[in-house]
A.B. asks: 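What follows is a structure written as structure tokens; I'll ask about it next.
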Amino acid sequence: MKLVVGVIEARNIPAMHLNGVSDPYVKLQVGKKRYRTKVVKKTLNPSWGEEFIFKVEDFKGELQISVLDEDKFFNDDFVGHVKLPISQVFDAPQKSLGTVWYPLHPKNNRSKNKDLGEVLLNIYFQQKSSSMDMSCNGDNASSSSNCPSPLRLEDSVSSKEEKDKSFKEEKEKSLSQKSLAGRIAQIFNKNSDTAVASSTAGIDLTEMPENSKADVADEKPDDQSSSVSFKEAMKTMESKDQGSEIPSNLPGGVLVDQPYVVSPAELNSLLFSSDSSFPKSLAEMQGSKDPQLGAWKFEDGDSSLKRVYTYIKAPTKIIKATKATEEQTYLRADGKSFAVLVVVSTPDVPYGSTFKTELLYCITPGPELPSGEQSAHLVISWRMNFLQSTMMKGMIENGARQGLKEGFEQFTTLLTQSVKPVDSKDIGLNKEQILGSLQAEPKSDWKLAFQYFANFTVVSTVFMALYVIVHIWLAAPSTIQGLEFVGLDLPDSIGEFIVCGVLVLQGERLLQIISRFMHARAQKGSDHGVKAQGNGWLLTVALIEGSNLATVDSSGYCDPYVVFTCNGKSRTSSIKFQKSSPQWNEIFEFDAMEEPPSVLDIEVFDFDGLFDEATSLGQAEINFLKSNISDLADVWVPLQGKQAQACQSKLHLRIFLDNTRGGHVVKEYLSKMEKEVGKKINLRSPQTNSAFQKLFGLPPEEFLINDFTCHLKRKMPLQGRLFLSARILGFHANIFGHKAKFYFLWEDIEDIQVSPPTLASMGSPIIVITLRLGRGLDARHGARTQDREGRLKFNFQSFVSFSVAHRTIMALWKARSLSPEQKVQIVEEESKTKCLQTEESGSFLGLEDVSMSEIYLTTLSVPISSFMEIFGGGEMDRKAMERAGCLNYSCSPWDSESADVYERQIYFRFDKRVSRFRGEVTSTQQKSPLPDKKGWLIEEVMTLHGVPLGDYFNV
């Protein structure tokens, strides 16, 4: 018997899009047979008027009808569904349920939204068949052109059953193989037969929101698509583009992020044109075979451009050669920006039917180049889309991540051979050209006054003032009555009292407007064109414009100005009046800084007069450690905050960070830290710095200062290494393959304390670092505790050299996060403490932390001045060191550190007879007169290099 289902219309469908509408369509399923209606765009009361026929043999099944909302970007949204037993239709009078409104039910009972609308269905059994009916049944509907009902079938039943049968046999055969992958599948899959059956029968409609949109594309009839050339398709997409934004990166991570010296349209054509040889060249490089590129086709009424690309992936050590299918869909193509979603299916790999890999290619205009050539910025991101739950999810994601990383390294290598990547130096050379083209908008005082005083408040106040003046001139003097006396005229009625109150309020508002105008007139300029002073790290910020800034009153406009703050210094822009999308074109330069900046804070305020507190319209933060400097040369920064996020406010900025000191900045910074720490700090090699930057994903200007072995105290101590640089404190551990890694800025630290040794800390002092509220959230997994106010606390213990580690951490923290007043206060306290210690014990370089042992004592009958020639840096000094087995001996002259205190640096190598490792030594010597001024005290701290465990102790 044939079950006929008529899908007529629906009403009160919930809005699934932000614009308050939906793009609904209906999916129907009985057993293995599935149909779908057309998509009705932008409506909550769609009308379909379509009829479908199912061939029913088992009356124990059920009819599933699901309403879904089409999503152009990723997954279609589930709206609601209706389930009806087929037996209910068979038992109904005349085997028909008639035309009835059925309420839509949520996916599960826990859903908060119970009102999902209704769908109008006409369901009945077709009892008599005719020649016309036979031509419209489920077997021939897809090929019949004379069917009176607009039937939409995915495939004929016979071909569908044959495909299902062959697919099931192939799947069972692969699962029965005695390979490692097959055994893992048999062990971990809870119900292999069920998984295979579900894959052949199709995915349950109630799980559609979790599936990729590519599933829906598979089921669309072939007669709805039309093949076109690539150029024609791009022109059609460009004409249909409605200004939609580029989709955000997928959550799996970014695989490629690189600008190229080529126009966006040319790069798009190179990657996705049907005539391009790039896909086949990439397949050859990666070892893939039999690449088959399908033609680009429009589907869904020319609203979606898609093609299919199939190839056989090269075998790996674990997985044999498998067939892969890529479904490529254009999400955006306006001639300047392009976005392509690629859904990769590999059903033949273990658990291949449970997941699909999604890639998002975004091509946007790149930065401006000095040569005037166009550039394109290519960003490729990815994610795993699991269609079914599986215990192997973590293993699948890790394997896919590693495979994608290796594959796209080959991708970038091949792409570099075709187009030239943009060098960051080329962008830096264009700074002056870009900034020179900016011109601040001139504004006269008259224009400013017109913007401020051309409103209803001022006009009404002036009119009321003139009216009162004319009234005073025409009215006769009133007699003194009540509590009045000469010079005091009080209101004589309630009406006069109210009028006086209105006049006072109007006068107050007018005075506020005048004060705001005077303040705005003084602040209408900026430091546009003012150059920064000094040498070091120079930060330049160009404020171009704002977009959709929030408003705080009913006028629909605001008076915005922007405040930039970096390293405790602020720059303020001019005020733009009565504008929600202002144009500034102003340049701000910060005076040169000794250390590279970590964060640039941005906040937009609404000017509300001289005496009123400004209202924040949104804020943002530029983290120079997480941002590529070349990307900041032209960037739109979204603002954070309730009002800003609601209005989607953002600022257009151009940010440049330059080092005017050249390569000496690192050595100068290390010399400064050596004086703070009291220990020689060695310049790390470029290879070490590169590994440090790669470990934490830091920019190339970041350099490693020191690192220490320690334990991170959480529930259980975790041994790792603590890395210290000019801007961050980072920790990394890798114990038995379990990695832990995090870092936070020195500016994020609020306090550093030292806890005394305990039995739990294995007799080692504990450094307790407390972060500011709301800071360091990315490092939350490494925190020991969180206090009542929500601040994170990190505990580090078991340092090999606790004194050096503590002094280095304190010195770097003071240099970055403390205000000048706090630094002066700490220096004064430390100088007093150091002075007392020098007078009492003459300690140097933290020797008060070490118990000294006497190893040699003698008395020589020579003058002190003659004996001190051994430390004079002359011939006697050199000969004495060579006799002691020191090679390549060199020393610096004695430099005066303070009154009667001198210091020098020494370098030499051990002779083989002294040390078979022949290590190097860097030493710091300090000499000062004895308290009785009759002799000298010489102290020395030696650091050994190239000696086992030499990094963990000093002599």
A.B. asks: Applying side-chain contact (heavy atoms from CB on, under 4.5 Å) to Leu625 and Glu702, what does each step give before you reach the verdict?
C.D. replies: CA-CA 8 Å; Leu625 290 164; Glu702 195 69 13; 3.6 Å; yes

A.B. asks: Sort out for me which residue in Thr785, Thr770, Asp751 forms a side-chain hydrogen bond (donor to acceptor under 3.5 Å, both in side chains) with Lys793.
C.D. replies: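 Running side-chain hydrogen bond (donor to acceptor under 3.5 Å, both in side chains) over Thr785, Thr770, Asp751 with Lys793 returns exactly one hit, Thr770.
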
A.B. asks: Using a 3.5 Å distance criterion without hydrogens, assess whether the side chain of Ser381 forms a donor-acceptor pair with backbone atoms of Leu250.
C.D. replies: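 Judged by distance alone, yes, a pair lies under 3.5 Å.
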
A.B. asks: Is atom CG of Leu466 surrounded by more than 12 heavy atoms (other residues, nucleotides or ligands) closer than 6.0 Å?
C.D. replies: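 Buried by this count: over 12 neighbours within 6.0 Å.
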
A.B. asks: Return the orientation label for the Phe463 and Tyr467 ring planes: parallel under 30°, perpendicular over 60°, tilted otherwise.
C.D. replies: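 Because their plane-to-plane angle lies in the 30° to 60° range, the rings of Phe463 and Tyr467 count as tilted.
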
A.B. asks: CD1 of Ile602 to CD of Gln640: how many Å apart, nearest 0.5 Å?
C.D. replies: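 Rounded to the nearest 0.5 Å, the CD1-CD separation comes to 11.0 Å.
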
A.B. asks: Can you tell me how far the CD atom of Glu70 sits from the NZ atom of Lys41, to the nearest 0.5 Å?
C.D. replies: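 So the gap between those two atoms works out to 4.0 Å.
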
A.B. asks: Can a donor-acceptor pair be found, under 3.5 Å and without considering hydrogens, that links the side chain of Trp584 to the backbone of Ser573?
C.D. replies: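 Absent.
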
A.B. asks: Distance check, rounded to the nearest 0.5 Å: Ser649 atom OG versus Leu639 atom CG?
C.D. replies: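 If we round to the nearest 0.5 Å, Ser649:OG and Leu639:CG are 5.5 Å apart.
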
A.B. asks: Mark yes or no for whether Arg727, through its side chain, and Pro597, through its backbone, hold a donor-acceptor pair below 3.5 Å.
C.D. replies: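 Checked: pair present.
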
A.B. asks: My understanding is that only residues two or more places apart in sequence, or in another chain, count here; which of them pass salt bridge (charged side-chain N to carboxylate O under 4.0 Å, His left out) with Glu603?
C.D. replies: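 Salt bridge (charged side-chain N to carboxylate O under 4.0 Å, His left out) check on Glu603 returns nothing, list empty.
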
A.B. asks: Sorted by first residue and then second, give each ring-ring contact (aromatic ring centres under 6.0 Å, His included) pair with at least one member in residues 619-638; sequence neighbours left out.
C.D. replies: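 ring-ring contact (aromatic ring centres under 6.0 Å, His included) check on residues 619-638 returns Trp636-His652.
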
A.B. asks: State whether the side chain of Trp746 and the backbone N or O of Ile728 hold a donor-acceptor pair below 3.5 Å, judged by distance alone.
C.D. replies: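 At least one qualifying donor-acceptor pair exists.
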
A.B. asks: Okay, side chain of Ser22, backbone of Met16: is any donor-acceptor separation there less than 3.5 Å?
C.D. replies: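 Between the backbone of Met16 and the side chain of Ser22 there is a qualifying donor-acceptor contact (under 3.5 Å).
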
A.B. asks: Within a 6.0 Å radius of atom CD on Glu621, are there more than 12 heavy atoms belonging to other residues, nucleotides or ligands?
C.D. replies: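 Check passes, neighbour count above 12.
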
A.B. asks: How about CZ on Arg11, more than 12 heavy atoms from neighbouring residues, nucleotides or ligands closer than 6.0 Å, or not?
C.D. replies: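 Atom CZ in Arg11 is packed in, count exceeds 12.
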
A.B. asks: Does the side chain of Asp69 pick up a donor-acceptor pair with the side chain of His17 at under 3.5 Å?
C.D. replies: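 Checked: Asp69/His17 side chains pair up, N/O donor to acceptor below 3.5 Å.
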
A.B. asks: Go through the steps for Phe744 and Phe794 under the test side-chain contact (heavy atoms from CB on, under 4.5 Å), then give the verdict.
C.D. replies: CA-CA 11 Å; Phe744 46 80; Phe794 296 81; 4.0 Å; yes

A.B. asks: When rounded to the nearest 0.5 angstrom, what is the spacing between CZ in Phe742 and CG in Leu777?
C.D. replies: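 Between Phe742 CZ and Leu777 CG, I get 13.5 Å after rounding to 0.5 Å.
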
A.B. asks: Tell me, yes or no, whether the heavy-atom count around Ile494 atom CD1, taken from other residues, nucleotides or ligands under 6.0 Å, exceeds 12.
C.D. replies: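 It does not: Ile494 CD1 has 12 such atoms or fewer within range.
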
A.B. asks: Determine all donor-acceptor pairs shorter than 3.5 Å in which one atom belongs to a side chain in residues 562-570; sequence neighbours excluded.
C.D. replies:
{"from": "Thr565", "atom 1": "OG1", "to": "Ser570", "atom 2": "OG", "distance (Å)": "3.3"}

A.B. asks: For Val504, does its backbone N or O pair with a side-chain atom of Glu508 as donor and acceptor, under 3.5 Å?
C.D. replies: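 Absent.
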
A.B. asks: With a 6.0 Å cut-off (strictly less than), is the heavy-atom count around NE2 of His781, excluding the residue itself, greater than 12?
C.D. replies: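 Atom NE2 in His781 is packed in, count exceeds 12.
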
A.B. asks: For side-chain contact (heavy atoms from CB on, under 4.5 Å), just list the numbers for Ile749 and Leu771, CA-CA rounded to whole Å, side-chain angles, deciding distance to a tenth of an Å, and then say yes or no.
C.D. replies: CA-CA 4 Å; Ile749 300 177; Leu771 302 188; 3.9 Å; yes

A.B. asks: Measure the spacing between CD1 of Ile13 and CG of Asp23 and express it to the nearest 0.5 Å.
C.D. replies: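 So the gap between those two atoms works out to 12.0 Å.
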
A.B. asks: If you round to the nearest 0.5 Å, how far is OG of Ser547 from CD of Gln583?
C.D. replies: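 If I round to the nearest 0.5 Å, the distance is 11.0 Å.
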
